[in-house]
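Every number for a ligand or one of its atoms is a count from 1 in the order of the listing. None of these values were measured; they are calculated from a predicted model.
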Amino acid sequence: MTQYEVVIGLEVHAELITKSKMFCSCSADFFGAAPNTHVCPVCLAMPGALPVINKEAVAQTIRAGLALHCTIAEDVRFERKNYTYPDLPKGYQISQYELPQAVRGWLEIDTPNGPKRIGITRAHLEEDTGKLVHENGISLVDYNRAGVPLLEIVSEPDMRSIEEVNEYLTRLRQLLIYIGASTGDLEKGAMRMEANVSLRPAGSQELGTKVEIKNLNSFRSVRNALAYEIARQERVLRSGGKIEQVTLGWLEQEGRTYVQRSKEDAHDYRYFPEPDLPSLHIDRAWVDELAASLPELPRERRRRFVEQYGLNEKDADILTAERAIADYFDALVSEVGEALPPKKIANWVMGDLFRLVNESGRSIADISVTPARFAALLKLVAGKTINANTASQVLKSMFKTGEDAMSIVEREGLAQVSDATALAQMVDRLLSEHPDEVARYRDGKTQLFGWFVGQIMRETRGKANPNIVRQLLKERLEA
Ligand code: ADP
Ligand code: MG
Ligand code: ZN
């Protein structure tokens, strides 16, 4: 039976973080605003209103292009993409077509067979449309989103499975958030996807006929729509049929695609250079400046965490998932210094700290347990002033109250009892009070050892240094 290979290419739209819209001075931060309050003659397409290019949006596009290892075009042109839709007041969308801002890059993803580069065909700048709201049988239009800067990233048809698609989207989103180009907030529609998919006989070099699935607003929808479409195409091909090149929509509730348009009524967008805007010539020095403004990218950072801190790949991945987490960890390791190895510090962060951060619903960037404060706590553990259990409790209090570790330890008398003389007295007393248990232990019931340790820990409310307690007990019981 013929085996089929899945071929997928993605088009991702990401809203860029800028103060104002793409071609006017309306605020681009419209989320939650009353409908049609972020509008002006330009983004409402009043006759005679003229667009002006938002430099920050161009800068963000270049930064994204650089982060995707693209070639940054020096000559860029905006063009009109003509189509009509109620949420597109001008009757065309200003986009880049022949001369996009960034071309030919790649994004590295993880696969079971190791890292893989997914080619980036182009990343260009355009403007978002407005939004239709369908309510009680009528349709309303909100132009707040019309003209918000939108970055479109088109991949090569390089993905071979739904897992690779998911990984690509996750890494792309992570990257855009890292460099501050987009919020990546899927719930607010800051990232929207279109998936192109075809099948071909395994081993074939030719591309099969693709379909495009539009309007996918979550990674889950992308996965579900692709799974549905791959199964459908395989059925058609197996029964000797042909795939038609169509544009599909996705009905999430019903879990199926539907045909939006066939090849015959494919749009001819009649692109032509936007006469109201100048061509852009991008200064090389500016590109260099933008390159210098990029933070260490997640992939490089993960590699550094492995090399510099000796973390395994998985932990390094978790600790670099978000820039704020990675910043926190870098700062923490440097504050702790030689006192604890980074691997141990990583366990504290991924265990106790993440639990507290998640429970609080706050970002790690604005918790009261700063890296310096946390480091002071970890040094108390390293110096054996407190044991790990106590430290967990102290961290909890610190998180709640913002207090320093040392103040809590002193106030609550939590310092570990490492005074061998005091502990020896306690052990002697315990053994003299429990002659039966001692006798049974000496008769071979060695499981009782844990019980003796437990008694001392209870008496000291967990503060006894367990190693010293064990040693003292051993000496005496086996004497
Ligand atoms: P269109 O002209 O229909 O927009 P493009 O060639 O511009 O098509 O490609 C759009 C997207 O579709 C890109 O992400 C590309 O990688 C992907 N793509 C192109 N051909 C195929 C194919 N045969 N199978 C899967 N994806 C494809
Ligand atoms: Mg397309
Ligand atoms: Zn406006």
State plainly whether the residues [X] and [Y] are in salt-bridge range, i.e. N to O under 4.0 Å.
{"X": "Lys116", "Y": "Glu164", "result": "yes"}
{"X": "Lys90", "Y": "Glu127", "result": "yes"}
{"X": "Arg304", "Y": "Glu307", "result": "no"}

- When rounded to the nearest 0.5 angstrom, what distance separates CD1 in Ile72 from CG in Leu66? 4.0 Å
- Query: In Å and rounded to the nearest 0.5 Å, what is the CG to CE distance from Asn347 to Met350?
  - Reply: 5.0 Å
- Message: Are any of the N/O atoms on Thr209, whether in the backbone or the side chain, positioned under 3.5 angstrom from an N/O atom of ligand 1?
- Response: no
- Task: Would you check whether Pro157 has a nitrogen or oxygen atom less than 3.5 angstrom from a nitrogen or oxygen atom of ligand 1?
- Result: yes
- Query: Angle class for the Tyr328/Phe374 ring planes (parallel below 30°, perpendicular above 60°, tilted otherwise)?
  - Reply: tilted
- Note on the structure: Residues passing the side chain to side chain donor-acceptor pair (under 3.5 Å) test with Lys344, sequence neighbours excluded, are none
What atoms in ligand 1 come closer than 4.0 Å to a heavy atom of [X]?
{"X": "Val154", "answer": "13 (C), 14 (O)"}
{"X": "Ser155", "answer": "13 (C), 14 (O), 15 (C), 16 (O)"}
{"X": "Leu10", "answer": "14 (O)"}
{"X": "Glu156", "answer": "16 (O)"}

- Going through the checks in order, is the ring-ring contact (aromatic ring centres under 6.0 Å, His included) test met by Phe78 and Tyr97? CA-CA 7 Å; Phe78 287 98; Tyr97 187 57; over 10 Å; no
- Task: Mind listing the protein N/O/S atoms less than 2.8 Å away from the Zn ion (ligand 3)? Waters don't count.
- Result: Cys24 SG, Cys26 SG, Cys40 SG, Cys43 SG
- Query: Considering residues, nucleotides and ligands other than Arg238, do more than 12 of their heavy atoms fall under 6.0 Å from its CZ?
  - Reply: yes
- Task: Look at atom 23 (N) of ligand 1 and find which of Ala195, Gly208, Gly9 reaches it with the closest heavy atom.
- Result: Gly208
